[in-house]
Amino acid sequence: MSIYDTLNEQQKQGVFTTDGPVLLLAGAGSGKTRVLTHRIAYLIKEMGVQPYHILAITFTNKAAGEMRERVNTIIGHGAEQVWVSTFHSTCVRILRRYIDRIGFDNHFTIYDTDDQKTVMKDVCKRLQIDTKTLKERTIMGAVSSAKDELVSPEEYLRQAQGDYHKMKIAQAYAEYQSVLRKSNALDFDDLIVKTVELFKLCPEVLAGYQDRFRYIMVDEYQDTNTAQFELIRLLASQYRNLCVVGDDDQSIYKFRGANIRNILDFEQVYPEAAVIKLEQNYRSTQHVLDAANAVIRNNAGRKDKALWTQNGEGSMVHFRQFDTAYDEAEFVADDVMRKVREGRASYGNCAVLYRTNAQARMLEERFVVEGIPYDVVGGTNFYARREIKDMLAYLKTVDNGSDDVAVKRIINVPKRGIGATTIARVQEYADGRGISFYDALREADRIMTIGKSAVKLEPFVTMIQTFRSKSEYYGLEGLIKDIIETTGYVEELEQSEEDDAEDRIANIDELISKIVAYEESHEEGSLSEFLEEVALVADIDRIDDDGNRVLLMTLHSAKGLEFSHVYLAGMEDGVFPGYMAITSDSVEDMEEERRLAYVGITRAKEDLTLTCARQRMLRGETQYNPVSRFVKEIPEELLDRKVPSVKRWDEVEYGEDSRERSLFKTKPFDSGEGNTAAYRPVFGTTPAVSAKPKPKAVAVPKRTPAQNRPFISGGGVGALKGVNGLSKGIQGTGEPDYTVGDRVKHVKYGEGTVTGLEKGPRDYQVTVVFDGAGQKIMYAAFAKLKKL
DNA sequence: CGTACTAGTCTTTTT
DNA sequence: GACTAGTACG
């Protein structure tokens, strides 16, 4: 009995076909990760391949981590030598070693979208581009697409001849790159582009990696863009042992440059490629699969395949339409609750998926009200939050003075009386001498133009220099705490009137604990390495699935995951498929949207529920949307409710207190069959409908750093273990004079009883049940509670 | 130089 | 509706 016996025939083929190019078309839930991991095991154990010679590339750190873990389990010793990582980390690793060969400093920083925008704004100002007619975002989008396609600024300019807008973009592109180079920075796209450039310009470097990576595997191949394809092609061109795994039906990242042709044309590029299809699904029930197949069938130009399963038929696909998004959210929350109560589900194996992040809020509100533990994935990335970016900017400045964006970000945060004029003058000086902004600051006294403002700059420089020298011996944790203390950043927040100040502080605490965790797991971890790791994490990487919480996320984020119970909310034309896809004149946009539906449906193992609302608030406007065409593409016999044949809002009869009841009271509307024929988009127009009074707003806790933990006392955000040490002294927050059981008084919430007191990394976290306002978790220093 | 208010934009999705 | 950038004023 070997480990390969549990594989089916196609899977075995995928594992045993080790040499030459292989295209593994793996349908949803067909066990592709298993194939990949077994393949790696087979290469090492049966083929005698050195683990060192194997490269496995994924898109997210999470996927990489999971694969790493599984490889470790099957192979054991030696597994750590297999190079398993994401495209971006792979490139960073290579560039850190060799980018000096193409004129960069190996100590480069990575710019995120926010930083890019800052640079681009600057560029536009300098080039006098009218951002009214040509927006920064447009330029950034164009530049990013160009990079995805490996189009250099020079080439872009050549192609732009005659087109005024494109010429402007070309200029901006060139200038943007030169700013980045001066700042010794690369953006996300550059990581790939520069690696390709390096390989092309330095054949000896490429040859080294070609020899190293004799067996290459790429996961989620349908999401690769042209640059990534080129990268892989170069690496694999020596041995040609390239195994790509993907599913053209799950290609959903066109907007990010993904080129579906990479997978569709693989056999043209590698004529000798073995093509293996994995069509047996081990995840879902037959009904779920039938629904998925029925939807995706409407796409043209896909690789022919159909999923099947030996799992039972399963239950019907549930469909419910509601009057409002509020009702929809209520239903979803209730339904989850009911299933859990009946013992048919646990929170952790339920997920609610939606098209846009904005839809999360209403669901969140209901989950809070019903006390259901949940986690929202995505939205604003933790590391993109203002306070976190500020802290990181300090770290970056300490780490690398040539990162102008970072220096400028924090030079006046907290306020030091250094304004735009001074900054501009310093920049002029720096430009004149060809030095970095920070280096110019150090010579502040020599900059004639700034006059007496120079006095304000000196303390800043001194502070950074002090951090630098101290960081040598007191480690990352000491450094960040020193920064917080010396700058008074948190102090300022504590005094702040803004109501999200507390969340910000919590986020900073979370950052501290992340730094501590990083130091614990990386013996030799340096500041640069930490910043690098942080720059490349995605939201999806941060979810931990052992929390037994319902997950709320976008359909995009859900790819690669599976849940017993899946809710697809907002199944309305105009929401999903989105307004953009409906109005687009390209069929491809709608097809991509349909693939997204396919991804969503196939996340479900047992139970799939589709919901929609007749009326929904979108961008501050009430919209009336018909049921999604994707729901209509599912055969009626698979659904437990009929899809009403209503085409327009004015055909709908709104029930009194109805939720779903009105579904059956709907007047039959029978102008033939056409699903969308009679439907004209009514975006924005608001007919007078007796909408229900708006339910009382519920306070949704601001996204807490790691997870939302509503109503879970005792734990809470600050309950970070093993991070104490320095909690005292930094803020001067002494021990509270109250303890669990004491009666206390709060300025706003009145009197209450302390039910929990936890020592956080920087402050005490106190849980109080107020007589009037219910339970609150807050920071002791912040809450200013009075013992009674 | 900093603050407060206003106007405009945005929403698809993210490494 | 929410957030952000830009402007006017102190």
Side-chain angles (χ1 to χ4, degrees), chain A residues 57-64 85-92 110-114 116-118 121 124-125 131-132 135-138 141 144 147-148 186-192 220 223-225 227-228 251-258 353-362 377-381 383-384 386 412-424 450 452-453 456 500 535-541 553-559 570 574-584 589-590 592-593 595-597 599-600 616-623 683 694 697:
Chain A
I57 291 197
T58 62
F59 271 85
T60 64
N61 295 300
K62 186 171 194 283
S85 99
T86 66
F87 269 105
H88 295 271
S89 331
T90 301
C91 289
V92 169
I110 301 166
Y111 277 1
D112 67 10
T113 325
D114 217 55
Q116 290 179 52
K117 206 175 166 193
T118 310
K121 265 167 87 175
C124 287
K125 206 176 281 171
T131 49
K132 290 253 158 40
K135 298 192 181 58
E136 290 108 346
R137 354 169 8 101
T138 316
S144 177
K147 290 181 180 179
D148 288 344
L186 300 182
D187 65 21
F188 282 128
D189 302 313
D190 283 339
L191 296 176
I192 316 284
E220 305 283 13
D223 291 331
T224 52
N225 61 36
Q228 288 160 339
S251 167
I252 55 173
Y253 282 109
K254 189 175 153 212
F255 72 93
R256 204 170 66 189
L353 313 180
Y354 37 78
R355 180 66 234 270
T356 64
N357 279 307
Q359 290 166 257
R361 178 151 300 183
M362 189 150 288
V377 179
T380 350
N381 189 321
Y383 292 105
R386 200 207 315 171
N412 198 31
V413 179
K415 303 255 178 313
R416 299 188 180 94
I418 302 167
T421 330
T422 311
I423 293 175
I450 54 173
K452 54 186 191 296
S453 299
K456 293 173 181 166
D500 59 348
L536 297 174
V537 294
D539 275 302
I540 197 74
D541 299 332
M553 68 184 106
T554 63
L555 288 149
H556 281 89
S557 300
K559 197 175 66 159
V575 175
F576 184 36
Y579 161 79
M580 292 297 233
I582 292 175
T583 51
S584 162
D589 290 333
M590 186 55 76
E592 173 129 333
E593 208 77 355
R595 290 193 289 269
L596 199 50
V599 168
R616 180 184 299 274
M617 195 71 138
L618 222 67
R619 259 175 297 172
E621 281 175 330
T622 307
Q623 293 190 1
F683 307 105
K694 204 183 173 211

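Atom set for the values below is all heavy atoms of this structure, side chains included, hydrogens, waters and symmetry mates excluded. Given the structure is predicted, the values throughout are model-derived calculations rather than measurements. Just so we're on the same page: letters track the sequence lines, and every chain starts at 1.
For the pair Thr86(A)/Leu536(A), no side-chain contact is recorded, criterion being any heavy-atom separation below 4.5 Å from C-beta on. The closest side-chain heavy-atom distance from Glu220(A) to Thr58(A) is not below 4.5 Å. Looking at Lys559(A) and Ile252(A), their side chains come closer than 4.5 Å, going by heavy atoms from C-beta outward.
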Practice task
Decide side chain to side chain contact (heavy atoms under 4.5 Å, CB included) for Arg616(A) and Thr622(A); before the verdict, give the C-alpha distance in whole Å, the side-chain angles of both, and the deciding distance to 0.1 Å.
Solution key: CA-CA 5 Å; Arg616(A) 180 184 299 274; Thr622(A) 307; over 6 Å; no

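Among the atoms of the strands shown, only primed sugar atoms or phosphate atoms (P, OP1, OP2) are found under 4.0 Å from some heavy atom of Ile418(A). Among the protein residues, Phe59(A) comes within range of the sugar-phosphate backbone only, with heavy atoms under 4.0 Å from sugar or phosphate atoms but none that close to a base.
If you measure from atom CG of Leu618(A) to atom C1' of dG1(C), you get 11 Å, rounded to the nearest angstrom. Counting to the nearest Å, the C1' atom of dT15(B) and the CD1 atom of Ile110(A) are 11 Å from each other. Here dT11(B) presents its C1' atom at 11 Å from CD of Gln623(A), a figure rounded to the nearest Å. Whole-Å rounding puts the Glu136(A) CD to dT4(C) C1' distance at 11 Å. Between Met362(A) atom CE and dG1(C) atom P the separation is 11 Å, expressed in whole Å. As a whole-Å value, the separation of Asn357(A) CG from dC10(B) C1' is 14 Å. Atom-to-atom, OH of Tyr383(A) to P of dT15(B) comes out at 13 Å; the value is rounded to the nearest Å. Atoms CZ (Arg416(A)) and C1' (dC1(B)) sit 15 Å apart, rounded to a whole Å.
Counted by atom type alone, Thr113(A) and Gln116(A) present zero donor-acceptor pairs between their side chains at under 3.5 Å.
Spacing between dT4(C) and dT13(B) at atom P, rounded to whole Å, works out to 15 Å.
Partners of Thr118(A) under the side chain to side chain contact (heavy atoms under 4.5 Å, CB included) rule, at least two apart in sequence or in another chain, are Val405(A).
Thr113(A) has no side-chain polar atom (N or O) that falls below the 4.0 Å cut-off from OP1 or OP2 of dT14(B). OP1 or OP2 of dC1(B) has at least one side-chain nitrogen or oxygen of Thr422(A) nearer than 4.0 Å. The shortest distance between the side-chain N/O atoms of Asn412(A) and the OP1/OP2 oxygens of dG2(B) is below 4.0 Å.
Ring orientation note: the planes of Tyr253(A) and His556(A) are tilted relative to one another, at an angle of 30° to 60°.
Annotation: of the two residues near DNA chain B, Gly417(A) and Thr554(A), the 5′-most nearest-nucleotide partner is Gly417(A). Comparing His556(A) and Lys415(A) by the nucleotide of DNA chain B whose heavy atom lies nearest to each, the residue mapping closer to the 5' end is Lys415(A).
Taking the side chain of Arg137(A) as heavy atoms from C-beta on, and the options dC10(B), dG1(C), dG2(B), the nearest nucleotide is dC10(B). Which of dG6(C), dT15(B), dT9(B) sits closest to the side chain of Lys121(A) comes down to dG6(C). The side chain of Lys135(A) has dT9(B) as its nearest neighbour among dT9(B), dC1(B), dT13(B). Side-chain atoms of Arg361(A) lie closest to dA2(C) of the nucleotides dT13(B), dG2(B), dA2(C). Side chain of Lys117(A), nearest nucleotide from dC1(B), dT3(B), dA5(C): dA5(C).
Pairing analysis of DNA chain C (Watson-Crick: purine N1 to pyrimidine N3 plus N6-O4 or O6-N4; G-U wobble: N1-O2 and O6-N3; both under 3.5 Å) yields stems of 3 or more pairs at B:1-10 with C:1-10.
Judged by ring centres under 5.5 Å apart and planes tilted less than 30 degrees, Phe255(A) fails to stack against the six-membered base ring of dT14(B).
A salt bridge links Asp589(A) with Lys254(A): the distance from a Lys NZ or Arg NE/NH1/NH2 to an Asp or Glu carboxylate oxygen falls below 4.0 Å.
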